[in-house]
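The basis for the numbers below is simple: all heavy atoms, side chains too, and nothing from hydrogens, waters or symmetry mates.
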Amino acid sequence: MERIIISYWSRPTFWNIFRVPDSLVWLGSDEHIHAYGAIWWQYISQKIRLKAPKLTFYCNHSIERSNYYESIASQISSFGKVRVELITDGEKDYGCFALDNKGKKFVGQEALEKVLNCNLFTFVFLRFLNLIGAKEVFLKALYDGDFKLVRPIKRGNDWKRRVLSLKVVVVTCFLLIVSLLQVNVTYHSLLVKELREVSGVDETTIGRFVNSVSLRVKYFSKVFFGITNHPVFMDAHMDGYDHIYGVEAELHNGDRLWLPIIDKEGHVDKYAYSFNWVKWTFRVNGPKLNQRNLEKGIKDFSLFWAAKNDVPLEGLKLNIYLKNIEVPNKWEYDFLKKQKEKPWKHVAIGIWEQNDFSLNYIQ
């Protein structure tokens, strides 16, 4: 059977994480690792490979990093999706470019991204990096040659390569650890908890042991990484949310204007976005009424509104309205329409006098 010799330091490379193993049995020595059985994978690959490649990747041998780009494309390619071609002229500024089966051209970093998208594992990995905002940094480092583990290795003590290898291992392990910590936190989500209770897993010896260890890991991830549960828009999260407040300003000339927090129909208005929305919805107008928070919130929002609209504060009167609504816990026909039709009740009056705000409730 054919024997393939692979350089010792190429085995733990970053790219081998995403490849189907070249062999089933590994026999190692200090200098080389011998792989047997790769011919079977080659046979299967030939049977299921595409008749025409999805992408043709061109490497320009007239620049220094051409072997580097060729190694990446060759190792990532699977099932004939990418064909690698070597050229001696062309895109000298980029060193590599690619053409898809529709003739569209991609150069440089974008061409490498297209190659990575042709492999399922690297495609998923790029999506993950995109979620955490690290995709562009990774692609730039890859194109600039910061990941040099795929190049042919010279004999001797190459300390620089070992340092680079260590960096890749550390970054990869860090991403894996963070992902596992996130999975552990998800284990304590409300949905998973309900499934565990229904299935009776928590009552078993293994379930109690896993839960005990998981809680310790959860505490660690919260303290050191900030990874923790934060359920929103759940039934329990909205429990008691059976009222909303609206604020109307009564100007000195007699005009009345609703502050753009909650409009007359009970919808959020333009001030209720991002953290302002959180502040009003769950701090000022929370499920449980807190008169101090309500007064302070109306003071803050009205002060901001007056400053933005050049409205003098002295003597400004604010009418506070309350609308009682129902807590949604099941589907109901025309539920939103019924809540919008519920009347507003005048419950308090706010007054600005001598740069001081006071809120007086109507009995």
Side-chain angles (χ1 to χ4, degrees), residues 133 190 222 226-332 334-363:
L190 294 178
K222 178 181 179 180
I227 302 175
T228 185
N229 299 82
H230 185 67
V232 293
F233 309 118
M234 311 291 286
D235 288 348
H237 206 67
M238 308 302 293
D239 188 31
Y241 206 101
D242 55 2
H243 57 275
I244 53 175
Y245 288 97
V247 182
E248 177 192 60
E250 191 172 328
L251 305 183
H252 300 87
N253 60 6
D255 291 342
R256 292 174 177 245
L257 298 173
W258 277 63
L259 270 63
I261 311 167
I262 301 293
D263 65 18
K264 291 183 179 181
E265 290 190 332
H267 295 167
V268 292
D269 215 330
K270 63 182 181 180
Y271 277 7
Y273 69 93
S274 187
F275 291 107
N276 283 342
W277 174 81
V278 175
K279 176 181 173 66
W280 181 266
T281 306
F282 294 105
R283 308 293 184 270
V284 181
N285 187 158
K288 295 181 180 179
L289 176 61
N290 184 311
Q291 292 184 352
R292 183 176 177 277
N293 287 347
L294 180 64
E295 180 175 350
K296 185 177 184 302
I298 294 174
K299 174 184 176 181
D300 292 343
F301 277 88
S302 61
L303 179 62
F304 177 80
W305 172 82
K308 286 293 185 180
N309 293 275
D310 295 325
V311 176
L313 280 178
E314 185 62 32
L316 179 63
K317 178 181 177 182
L318 301 173
N319 296 310
I320 316 303
Y321 296 97
L322 169 70
K323 180 196 286 276
N324 291 310
I325 58 176
E326 299 175 19
V327 178
N329 51 32
K330 61 180 180 180
W331 185 88
E332 181 181 330
D334 269 351
F335 179 83
L336 178 60
K337 182 180 178 183
K338 292 175 184 177
Q339 307 314 305
K340 290 167 64 175
E341 291 174 349
K342 289 183 179 292
W344 289 99
K345 181 181 178 182
H346 194 192
V347 294
I349 296 176
I351 299 291
W352 278 96
E353 290 181 334
Q354 297 180 352
N355 292 328
D356 188 34
F357 179 77
S358 61
L359 188 64
N360 304 303
Y361 291 90
I362 299 174
Q363 299 297 328

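- Shown here is Lys342, whose NZ atom has more than 12 heavy atoms of other residues, nucleotides or ligands within 6.0 Å.
- The neighbour count for Lys279 NZ, taken as heavy atoms of other residues, nucleotides or ligands under 6.0 Å away, is above 12.
- Within a 6.0 Å sphere centred on CG of Asn355, heavy atoms belonging to other residues, nucleotides or ligands number 12 at most.
- Around atom CD of Glu341, more than 12 heavy atoms belonging to other residues, nucleotides or ligands sit under 6.0 Å away.
- The minimum heavy-atom distance between Leu313 and Ala306, with the atom names listed, is CD2-CB, 3.7 Å.
- Counting heavy atoms from C-beta on, the side chains of Tyr245 and Lys323 never come closer than 4.5 Å.
- Residues Ile320 and Ile349 have side chains not in contact (no heavy-atom distance under 4.5 Å, counting atoms from C-beta outward).
- Proximity of a side-chain donor or acceptor of Asp269 to a complementary backbone N or O of Tyr271 within less than 3.5 Å is not detected.
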Exercise for the section: In sequence, state the C-alpha distance, the side-chain angles, and the governing distance for Ile298 and Trp280, and then conclude on side-chain contact (heavy atoms from CB on, under 4.5 Å). Expected result: CA-CA 9 Å; Ile298 294 174; Trp280 181 266; 4.2 Å; yes
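- The two residues Ala348 and Leu359 make their nearest non-hydrogen contact at CB-CD1, 4.0 Å.
- Between His252 and Pro312 the shortest side-chain heavy-atom distance falls below 4.5 Å.
- Going from atom NZ of Lys337 over to atom CD of Gln339 covers 13.0 Å, rounded to the nearest 0.5 Å.
- A heavy-atom distance below 4.5 Å is not found between the side chains of Val247 and Ser302.
- Between His243 and Tyr241, the angle of the ring planes stays under 30°, which puts this pair in the parallel group of the 30/60° scheme.
- In this structure, the ring of Trp277 has its center less than 6.0 angstrom from the ring center of Phe282.
- The CD atom of Glu314 sits 10.5 Å away from atom CH2 of Trp352, with the distance rounded to the nearest 0.5 Å.
- Side-chain contact between Leu251 and Val311: present, with at least one pair of heavy atoms (C-beta onward) separated by less than 4.5 Å.
- Taking CG of Leu257 as the reference point, atom CH2 of Trp305 lies at 5.5 Å (rounded to 0.5 Å).
- Counting heavy atoms from C-beta on, the side chains of Arg256 and Asn319 come closer than 4.5 Å.
- The line from CH2 of Trp344 to CG of Leu322 is 7.5 Å long, rounded to the nearest 0.5 Å.
- For the atom pair Lys308 NZ and Leu303 CG, the distance stands at 12.0 Å (nearest 0.5 Å).
- The residues Glu326 and Lys338 are annotated as not salt-bridged, no charged nitrogen and carboxylate oxygen being separated by less than 4.0 angstrom.
- Atom-to-atom distance recorded for Lys317:NZ and Ile351:CD1 is 6.0 Å, nearest 0.5 angstrom.
- A salt bridge between Lys264 and Glu248 is absent, with no side-chain N of the basic residue lying under 4.0 Å from a carboxylate O of the acidic one.
- If you look at Trp258 and Tyr321, their ring centroids are closer than 6.0 Å.
- For the pair Val327 and Asp242, the minimum side-chain heavy-atom distance is below 4.5 Å.
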